[in-house]
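Here is how names work: the chains are called A, B, and so on, in the same order as the sequence lines, proteins then strands, and each is numbered from 1. In this text, all values refer to a predicted model and were calculated from it rather than measured experimentally.
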Amino acid sequence: MKRLKTVADLEKLRAEAVAQRNAKDWLEVCTGSGCLACGAEAVADALDGEIEKRGLGHKVGVRRTGCHGFCEGAPLVVIHPSDTCYTKVQPKHAAPIIDGLGAGEGPVRDLLYLDEGTGERIERLQDIPFYRHQERVLLGDNVRIDSSSILDYIAVGGYGALAKALSEMTPESVLHEVKKANLRGRGGGGFPAGRKWETTRNAPGEPKYVIVNADEGDPGAFMDGSLLQGNPHSVLEGLILGAYAIGAAEGFIYVRQEYPLARKSIEIAIEQAREYGLLGRNILGSGFSFDVVIHRGAGAFVSGESSALMSAIEGRVGEPRPKYVHTSEKGLWGKPSCLNNVETWATVPHIIDKGADWFRGMGTEGSKGTKIFSLVGKVKNTGLVEVSMGIPLRDIIFKIGGGVPDGKSFKAVQTGGPSGGVIPAALLDLPVDFDELTKAGSMMGSGGMIVMDENTCMVDTARYYTSFLAHESCGKCVPCREGIRQMLAILDNIAAGKGREGDLEILEELAEFMQVASLCALGQSAPNPVASTLKYFREEYEEHIRHGRCRAGICTALIAYEIDQEKCQACGACQRNCPVDAIDKSEAGVFTIVHEKCIKCGACLKACPAKFGAVVKVPAGAVLRKSAEEIGLAGTSR
Amino acid sequence: MNSRRMTVIGPEASPPLDVLIIDDDAASAEACRRILEEDGYRVAVAGDGEQGLRMAEADNPSVVLLDPEIAGVAGFEALGRLAEAASATVPVVMTGKGTVDSAVESMRLGAHDYLAKPVNPERLLESVRRGVELGRLRRRAHAPRMKQDLLLQALALLEEAYSLGMGKRTLLEELAGLETEAKRHAQSLGRTWDKGRAIAEIREDLLQADAIMRSYGFRKNALIQTLLDVQEKFHWLPRHILEWISGRLDVPLREIYGIVHFYEAFSLEPRGRHSFQVCTGTACHVRGSSELLSRVSAALGLQPGQTDSRLTYTLETVHCLGCCALAPVIQIDSDYYRDPDRSRLDKIIKTMQREEAQA
Ligand SMILES: Cc1cc2nc3c(=O)[nH]c(=O)nc-3n(C[C@H](O)[C@H](O)[C@H](O)COP(=O)(O)O)c2cc1C
């Protein structure tokens, strides 16, 4: 009989799970999306095969875990209990890894992380700079558990907070603890979770609902998906605690369609929790009953907004509605409904377990605890990082992220996704918390952090987000629909070298108007990418408009590719790789680019061997001038 | 009429055989089979006359394609016996010895058409199409008892319709409507028009849609989840299924289309068997996904969102694949590639083409 009827049952099960876990060495293979894409499954299979071949099954096990975070080192394997961290592991490494276990031949040196600064190999996970500067409250367990095993979660202390709440605390005291912790929502707005819970709890109307927002629509962010995939029970436990505090009997988990792995993982978790009596009727004999339903999203950014998300759960088009009444009072089917982000819910068990004071010990005055960021773009160590609130941006990007690769210089970092903005190098010492980021013209958002270098164009960045938003605006209110479209038209012109004086002023006016007049936060925050790039990088816009120049070499209309004849070794790689046959070879064997045919895909630049470096990007104007010279119009400007 | 043939009406019957090829030249038989199967016919091959006659009797194919020069039971004899059997089967002769005599002899013995080898695919398809149609007419005439059985079934249906207060006209209109949908559907997939098959297919589709709706208890508020499952199963949302769902769940079609247009996940066009998904998430964008996209687009000859006419490839962009460390990344079917160059892409596409040709 699996069903746990009392807290004592749970503790007994925990003791067994811990004993089982301690009986073996474990090879913890990261099977997060990044590692899977790099072949982690084959690595895990090879390790399994090697263990079986040597008959070591009773001493060593393979555990397929969620995302460890250090995606740059994918595929990753961590040894438990020694915490040896192997990077870029391939199936052929299975045998040496197993040779190196315990009192064997010691760790496989070549697979250990190489610190480029000191030239030393680092063995233990927690000593690698990427991990050393983090505070991995939520993500830490991702390394240690197989998400399809509730026993793994229980072994690391899982459902202990729930047991504590149900046996020792009233719903009021759970609510009080979360309020006291001053936990702010991790999904974007940073609204205090405790206050939202209280509103729903006190709002008239039954039944009440609790909902997990796992829509994660921000492109370039994968924290919520990784948490849900790697540690689904932590989200579930948080949700059950919330339901207990609020007085809800039913919950929903809204999962982004593009995350099949996360969905599978939470499906299995729910099933297991039901089997063990941690969901369903009379949980742990407390008399409290609660159950959960999964709802898949269908791919629409705006559906992550609270009122839109709720109408999608009701089976209707996921459009926002005006919020003169909050969803926390009148949400799903008009009933009080409390929506929180994945990370918000997953933080709750830690607060209940270790107490509000512990939580308040981390972070800044206004932002307590830790926050997970997805650190991506032009940064050496791409991955998921969890840090104490208030850590300077510089530490995240340089100490943890290892700075900008290829000797390029840092230009800006974008936070907050399509609703956020860019932060320039001058503000690198900014402490990262909700209020400081907002003050700088960006926002915390859900935690996307995209690093940009000198080769990133700020006009293009603004245009990228604006075109994303033009696609995602639901079209219900005019300021958002038309405003974004006009902004995009102007940005398209500027990027095409057709910008006019006065364009920037129109952009600013539009931005101001949309911020006040749009129906939901999508429209209200849509101008942020434009406004913040204008604020910090106005001169780049002006260069595009006045001189038709894109200094980053990104806006295709303003650049051209050329072959530097001095450097060209006539190997023909460019010609072979050109998808549109735009490279000519003369009888004398000289390769040239036919600009009329060129689609500027960059295939030639990529194909040209780095040691030659003969294909170069040049301003489009240079090509125009050159062809003018060729037909005898030297001196005429364009 | 034996009882085996009766089972043709029932829903569980294995589908009837369209064409039986009797030819001892395996290569030629295989070539014909491929051409016909590509057009959706169900085909069997017999290597000699005796086996052929046995199969013809057992499976009652609509058309028999026969080479009279085969070994074993002499081909012309087989042809004669086939024609004499007074079954609905339509014999068609194909031969490498295209003499006037053999043609005359074939026709005299009851061949419906005469094809010269090597067979021209278009001639073959045309001849088989006409043969199948004729076979169906003949079969109907040959099957008086089958007709009575059908009528009984129809009466039962009518009885039920009347008892539910539905008039005969409404019933017929609904059926005609579904048939029109079946025809449109077959056309949209570029298939040759075969009424019986189109109806069978559409019926199968609707049964699957029902199974999906049933798994959600036919709840209206599970509409989006239902549509997602249909999308997953069929890789697109065919119109006849949307109309069916609209009727079943009593949701206006316009509302369904509203939802379908709103969400990225849905497609109103058939998608290719292979998918190329270029990630355009922010991490990929700053690391050059637009250059990758134009490279892939040029390699496939497709714009994002397009599928080629043979439904082999679909090129799409996605907002984020969640493996930003590989940026810029493309997912091709279930594999991920970090910024593949032109030759890599060409290799992948070539492999797919080879597999398609073999299949
Ligand atoms: C256009 C738009 C998209 C949003 N997308 C998400 C999302 O993908 N995930 C999320 O957690 N919150 C998203 N939000 C924020 C939610 O509306 C809501 O504030 C949040 O889920 C509440 O949870 P929290 O308080 O725990 O952050 C979005 C908001 C807007 C306006």
What part of A/Tyr259 is in contact with chain B, defined as an atom under 4.5 angstrom from a non-hydrogen atom: side chain, backbone, both or neither?
-> neither
Does the side chain of B/Phe262 reach to within under 4.5 Å of the side chain of A/Ser303, using non-hydrogen atoms?
-> yes
Side chain, backbone, both or neither of A/Asp460 within contact of chain B (heavy atoms, under 4.5 Å) = both
Between B/Arg295 and A/Ala603, the two heavy atoms sitting closest are CD-CB, 3.7 Å
From the list B/Cys279, B/Ser294, B/Ser290, the residue making the most non-hydrogen contacts under 4.5 Å with chain A is B/Ser294
Which portion of B/Gln277 sits near chain A, non-hydrogen atoms under 4.5 angstrom | neither
Over all heavy atoms of both residues, which pair between B/Ile224 and A/Arg316 is shortest? Give the atoms and the distance, please.
-> CD1-O, 3.4 Å
Between A/Trp333 and B/Asn221 the two heavy atoms that sit nearest each other are CZ2-ND2, 3.6 Å
Non-hydrogen atoms of chain B under 4.5 Å away: do they reach the side chain of A/Cys578, the backbone, both or neither?
-> backbone
Name the region of A/Ala74, side chain, backbone, both or neither, that has any atom closer than 4.5 Å to a heavy atom of chain B.
-> neither
Do A/Arg256 and B/Cys320 touch side chain to side chain, with heavy atoms closer than 4.5 Å?
-> yes
Between B/Ser343 and A/Asn577, which heavy-atom pair has the shortest distance, and what is it?
-> N-OD1, 3.5 Å
Would you call A/Arg576-B/Asp346 a salt bridge at under 4.0 Å N-O?
-> no
Pick one of side chain, backbone, both or neither for B/Leu326, based on which atoms fall under 4.5 Å of a heavy atom in chain A.
-> side chain
Pick out which of A/Val376, A/Thr382, A/Ile450, A/Thr456 makes a side chain to side chain contact (heavy atoms under 4.5 Å, CB included) with B/Arg287.
-> A/Thr382
With respect to chain B, which residue among A/Gly225, A/Gly377, A/Ser33 yields the maximal number of heavy-atom pairs within a distance under 4.5 Å?
-> A/Gly377
Which region of A/Tyr465, side chain (C-beta onward) or backbone (N, CA, C, O), has a non-hydrogen atom less than 4.5 Å from a non-hydrogen atom of chain B, or is it both or neither?
-> side chain
Any side-chain heavy-atom pair from B/Leu228 and A/Gln257 closer than 4.5 angstrom?
-> yes
Side chain / backbone / both / neither for A/Val302 at chain B, heavy atoms under 4.5 Å = side chain
Please tell me if the side chains of A/Lys606 and B/Asp339 come closer than 4.5 Å, counting only heavy atoms from C-beta onward.
-> yes
A/Glu472 portion near chain B, given a 4.5 angstrom heavy-atom threshold | side chain
Name the region of A/Leu375, side chain, backbone, both or neither, that has any atom closer than 4.5 Å to a heavy atom of chain B.
-> neither
The interface call for A/His471 against chain B, heavy-atom contacts under 4.5 Å, is side chain
Interchain contact, A/Glu314 with chain B, by part (heavy-atom threshold 4.5 Å) | backbone
Would you say the side-chain atoms of A/Tyr464 pair up with the backbone N or O of B/Thr280, donor to acceptor, closer than 3.5 Å?
-> yes
Using a cut-off of under 4.5 Å for heavy-atom pairs, which of A/Ala312, A/Gly34, A/Gly318 has the most such pairs with chain B?
-> A/Gly318
